[in-house]
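Notes follow once the structure below has been shown.
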Amino acid sequence: MDFILEHKWVFLVAAEIVFWISVLTFLTLRYWFKLKKLSMVFFATFIINDLWIATMGFMDYLKTGEFRSYQVIILVFIIYAFTYGKSDFSKLDAFVQKKVAKLKGEEIPVMDQRRELYGRERAQSEWKQFLGHLLIYAIVHIVLIFVFGLSKQVGDINSLNQLFSIWFEEKQAQFPFDHSGFNNLSRIWTLVLAIDAAITLSYTIFPKAENKRSLDT
């Protein structure tokens, strides 16, 4: 990991390249070659790649003890992925699907014209997506507990401060599993989940208002 952090900008650029290659390969396999099951491998790849980017940012923070431009850039990536990234990916997916059908001389699919959601409806939609994320997070952690068992330090935790200290401040996490590698994955995923929760909550506290231009048309 020290070698990676010494060349962190190179690995960040490489991760971004992997992301776009994975996205384009996913769309190509899905719509040009009709290999939907195989395409999901590359869908999973760019999700894992995002977790890897978050991991580099967090480990660099532990090494330097400072929140610098490197962490800011990675944080922007993560926030974008959970906000505009989802809608932008849907638009790209629809564009590629129509373009491939046109190039292959096939019937151009009629895309589902979903209306833009605002206010309470948008908040409910975001909460449903977050709960799906939370459910996957919980299931994976339960499975890992059965596979590796809980860390020995679980019984020594007496306060939230001690919990956060054990889980987040050490370079090699010792909680919650009896496996340091998956502990590091867990704390990165927990941070990503927390960011997702904060963004989701913002749609409830600051509901998205309908654009006046859309009302006039």
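All values below come from the heavy atoms of this structure, side chains included, with hydrogens, waters and symmetry mates left out.
- Minimum heavy-atom separation, Val100 to Tyr31: CG1-O, 3.3 Å.
- When side chains are defined from C-beta on, Leu62 counts as touching Met59, because their heavy atoms get closer than 4.5 Å.
- You'll find the side chain of Phe130 stays beyond 4.5 Å of the side chain of Ile199, heavy atoms only.
- Grouping the Ile, Leu, Val, Met, Phe, Trp and Tyr side chains by contacts below 4.5 angstrom, directly or via other members, places Phe19 apart from Ile195.
- Judged as a side-chain contact (heavy atoms from CB on, under 4.5 Å), and not counting sequence neighbours, the contacts of Phe146 are Ile142.
- In terms of the salt bridge (charged side-chain N to carboxylate O under 4.0 Å, His left out) criterion, Asp178 has no residue partners (sequence neighbours excluded).
- The neighbour count for Lys37 NZ, taken as heavy atoms of other residues, nucleotides or ligands under 6.0 Å away, does not exceed 12.
- Tyr61 is not listed as a side-chain neighbour of Arg68, based on a closest heavy-atom distance of 4.5 Å or more.
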(request) Would you check, one step at a time, whether the test ring pair (Phe, Tyr, Trp, His ring centres under 6.0 Å) holds for Trp20 with Phe46? (result) CA-CA 8 Å; Trp20 283 109; Phe46 73 75; 9.3 Å; no

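- Using a 4.5 Å cut-off on side-chain heavy atoms (C-beta onward), Tyr118 and Pro207 make no contact.
- The distance between the ring centers of Tyr70 and Trp9 falls below 6.0 angstrom.
- A chain of hydrophobic side-chain contacts below 4.5 Å, direct or via other Ile, Leu, Val, Met, Phe, Trp or Tyr residues, connects Ile188 to Val143.
- Atom OH of Tyr80 sits in a crowded spot, with more than 12 heavy atoms from other residues, nucleotides or ligands closer than 6.0 Å.
- The two residues Ile74 and Ala54 make their nearest non-hydrogen contact at CG2-CA, 4.1 Å.
- Remark: Lys34 engages Glu106 in a salt bridge, criterion side-chain N to carboxylate O under 4.0 Å.
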(message) Pair Leu92, Val23 - check side chain to side chain contact (heavy atoms under 4.5 Å, CB included), show working.
(response) CA-CA 10 Å; Leu92 177 62; Val23 169; 4.0 Å; yes

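- When every heavy atom of Ala15 is checked against every heavy atom of Asn49, the shortest pair comes out as O-ND2, 2.7 Å.
- Annotation: side-chain contact (heavy atoms from CB on, under 4.5 Å) contacts of Glu6 (sequence neighbours excluded): Lys63.
- With sequence neighbours excluded, the residues forming a ring pair (Phe, Tyr, Trp, His ring centres under 6.0 Å) with Phe3 are His7, listed by chain and number.
- A continuous path of Ile, Leu, Val, Met, Phe, Trp and Tyr side chains, each step under 4.5 Å between heavy atoms, connects Phe58 with Ile4, placing both in one hydrophobic cluster.
- The hydrophobic clustering, which links ILVMFWY residues whose side-chain heavy atoms are closer than 4.5 Å, places Phe11 and Ile47 apart.
- Contacts of Tyr137 classified as ring pair (Phe, Tyr, Trp, His ring centres under 6.0 Å), with partners at least two apart in sequence or in another chain: His141, Trp189.
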(request) Verify side chain to side chain contact (heavy atoms under 4.5 Å, CB included) between Phe175 and Asn183, making sure each step is shown before the conclusion. (result) CA-CA 6 Å; Phe175 179 88; Asn183 284 337; 5.5 Å; no

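- Under the rule for a side-chain contact (heavy atoms from CB on, under 4.5 Å), the partners of Phe42 that lie at least two apart in sequence or sit in another chain are Thr25, Phe26, Leu29.
- Hydrophobic clustering (ILVMFWY, side-chain heavy atoms < 4.5 Å, transitive): Ile73 and Val13 are in distinct clusters.
- In plain terms, the two heavy atoms of Thr45 and Ser22 that are nearest each other are CG2-OG, 3.3 Å.
- The side-chain heavy atoms of Thr28 and Val96, taken from C-beta on, include no pair separated by under 4.5 Å.
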